[in-house]
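Below is one structure, written out as structure tokens; the observations come after it.
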Amino acid sequence: MRQSMRNPQFFRSVFLAGRLASQGLEKTFQIRWTLLLLFNWLLLPQAALHAADRVADRTADSPAVQRGETCFSGRARALRCFGKDDEPEGSRPAATTFVNTGGECFTASPDVVVYGATPAGIAAALNAAESDRSVWLIEPTGRIGGMTTHGLSHSDFHSFEALNGPFLQFSQRVLQHYRETYGNESEQADDSWQGTHGEPSVNLRIFENMLAEMPTLTVLTNHRLVQVEVEDSAVTTLHFAVPGSPQTTVNPKIVIDATYEGDLLAAANVPYRVGREARSEYGESLAPETADDQLQGYNYRLCMTQNESNRVPIPVPENYNREDYAAIVPLVTAGEFDAAFGYPGRRFILKAHLPVMPNGKRDINDVSKGLVRLSLPGHNRGYPEADVATRRRIEKKHLDWQLGLMHFVQTDPALPDAFREAAMTWGLCRDEFADSGHIPSQIYVREARRMVGQYVYAEADTQYAPDDARARLHPDAIAIGEYSHNCHGTDHEGPLIGGRHTGEFYKGVAPYQIPYGVLVPKTMRNLLVPTACSASHVGFCALRLEPIWMSLGGAAGFAADMALDKNVSVQEVDVEALKRRVWSRGGATIHVSDVRPGHPDFIAVQWWGSLGGLHGIEPAPAKPGARGKHIVSQYYKAYPGHAARLDQPLDEELATRWNRLAHQHGFSVPAAGTTRGDWIRAVFAAANEVADGTK
């Protein structure tokens, strides 16, 4: 069911979960949700009214809507389904497409269903809805946004020059929010780190606003997938459990599994892996000698503050046992730690990420290679295949461990007074996660299932091309990454306090390309998978970052629309056309540090780079994985060797190489004596003339 999510100046939008019958509203939702809904209707801005009119007009006669006696078109239909006969003066409910099934109202047969409102799922839904496709974005929990709205505000990227596509669009909206709310030169705008470090509540608001702007996009929360039906290698029917209601059945044309766990692909019996491949399978130096079922450790990303006016004490777990943490005391006494909270450069237990978020908040995370860890690899091993109850037990074990650790460092009398007093200055944020005890409800699932698709991404895909600053060329790339192979450990040896994680690695690489095949199953004709995508364990550790997942999700959304438009399977989507679609929205398929989205030559340079024109220009760095000048934390200036330098004269050697490559693709070659930029523009124009049939 679609609900308007507008009016960020007054109320956080309301995402309704479940099918609402004409009667029994109070059984499905708490009264406060109803009140918020009415307030939201009363405060809809004029833009939302026009959007509602457009959708009501378009969907009232839609062939996808099966009419029944209790459901109506436009505003009357929405009011009836919310148990109201008359429209309150001055209000306008959101336009919603309903059908009648057993007296209950919900939307029928959408073009695209995206399961999992993670950042990747949101990007997929937004892009799939661009061409007025009817899109359902279905989330099994009550809060959209995945980890980006559940505490992971310290975005995982290295270079601002590499930001592109959906994540760049999102971060620009976050920055705009802080500038409009606090001022262009405000501390909050500056602390948002160009919009990449939004508070969880702000990230949620921005995602909701972006979704609300797509009139054909429907958002449902608290709908958990329970069954998938498949016929002729295609998903035909999805069944969802809804709290307090009968199951919801959906018959989509295209399905996108954007869950962290890969729950939909598994239910559809699409091949997948859980655990690590043997080193010999893909020739990966970071893989173990033998295959096993180990996967990256999980932990919660708590949002904390030292701001006394916004600080809430850490709750004490019911099963707290001081002895679980007592080994910290001798470590502190021996000088291994001089603070409970800190950042590399100090000896600390809990990583309080830098830079600081707006309004004095910090993202708290696991300490890589530390003597005390938040993550508990091994204890999460059964999570990917577990039922909901078992997953909740695993999550509780992790949360109890983290909260108990924080309680210990703040209160245990065996610790030095100064140590405890400094730790006590930290607490949860009063204005975050108020409906869940100021603790995010979602654990950080770094790795679960991984599809075995058309292309399995592995360590070799991020390696340097021969004698080149760039990584291996993927002409069919639809996204890029630039982080690293990053694994927080897959098991633990020794005591939890003072032992060490095993299977941990951090390998710096050059920015890397990601081919379309990682999204595509081998045989399932109408399924795309951007999060639990096709990769080895080692390869997945280079893809598992939210900015990258958003790029993959955005590409999946475009691919879904293109498959519907051409009436082809996802395996048959024209990747060249898909790349152009990605470029047209500021998405990159190759990293070019000095020609960013919005540059007038962005698409031309992306096109030439996808053909291999930018490879071989700069030599490999002396130190593999070299980055630009360090800024702070994990952030750096532009990667060396990845600039196009369009104003530089085209020397004879490079002209010879580029002319040869152009001839290989059947393109005419421009006259000599031009700059690099002039040459690329001329060849790009000639190629477009050929493609358009004008030459």
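Note that the structure is a prediction, hence the values are computed from the model and not measured. All residue numbers refer to positions in the sequence shown, counting from 1.
Between the side chains of Asn127 and Arg581, no donor-acceptor pair of N or O atoms lies under 3.5 Å. No donor-acceptor contact under 3.5 angstrom links the side chains of Tyr178 and Asp191, judged on distance only. For the residue pair Glu459/Gln463, the side-chain donor-acceptor check at 3.5 Å is not satisfied. When only modelled atom types and interatomic distance are considered, Glu284 and Ser536 share a side-chain donor-acceptor pair under 3.5 Å. Defined by atom type and a distance below 3.5 Å, a donor-acceptor pair is present between the side-chain atoms of Asn299 and Arg446. Side-chain polar atoms of Glu482 and His591 form no donor-acceptor pair below 3.5 angstrom. For the residue pair Gln571 / Ser569, a side-chain donor-acceptor distance below 3.5 Å is found, with atom types taken as modelled.
Remark: Glu161 does not engage Lys637 in a salt bridge, criterion side-chain N to carboxylate O under 4.0 Å.
Remark: Asp651 pairs with Glu653, Leu654 by the side-chain contact (heavy atoms from CB on, under 4.5 Å) rule, at least two apart or across chains. Listed by chain and residue number, Phe348, Lys351 satisfy the side-chain contact (heavy atoms from CB on, under 4.5 Å) test with Val367 (two or more places apart in sequence, or in another chain). Under the rule for a side-chain contact (heavy atoms from CB on, under 4.5 Å), the partners of Pro621 that lie at least two apart in sequence or sit in another chain are Tyr464, Ala626.
Residue Val538 is tested with Glu277, His485, Lys507 for a side chain to side chain contact (heavy atoms under 4.5 Å, CB included); the sole match is His485.
Taking the six-membered ring where the residue is Trp, His197 and Trp193 present perpendicular rings, their angle passing 60° and hence far from 30°. Classified by interplanar angle (parallel below 30°, tilted 30° to 60°, perpendicular above 60°), the ring pair Tyr635/Phe160 is parallel. Ring geometry, Trp658 versus Trp608: the interplanar angle exceeds 60°, so the pair is classed perpendicular (tilted spans 30 to 60°).
At least one donor-acceptor pair under 3.5 Å links the side chain of Asp363 to the backbone N or O of His154.
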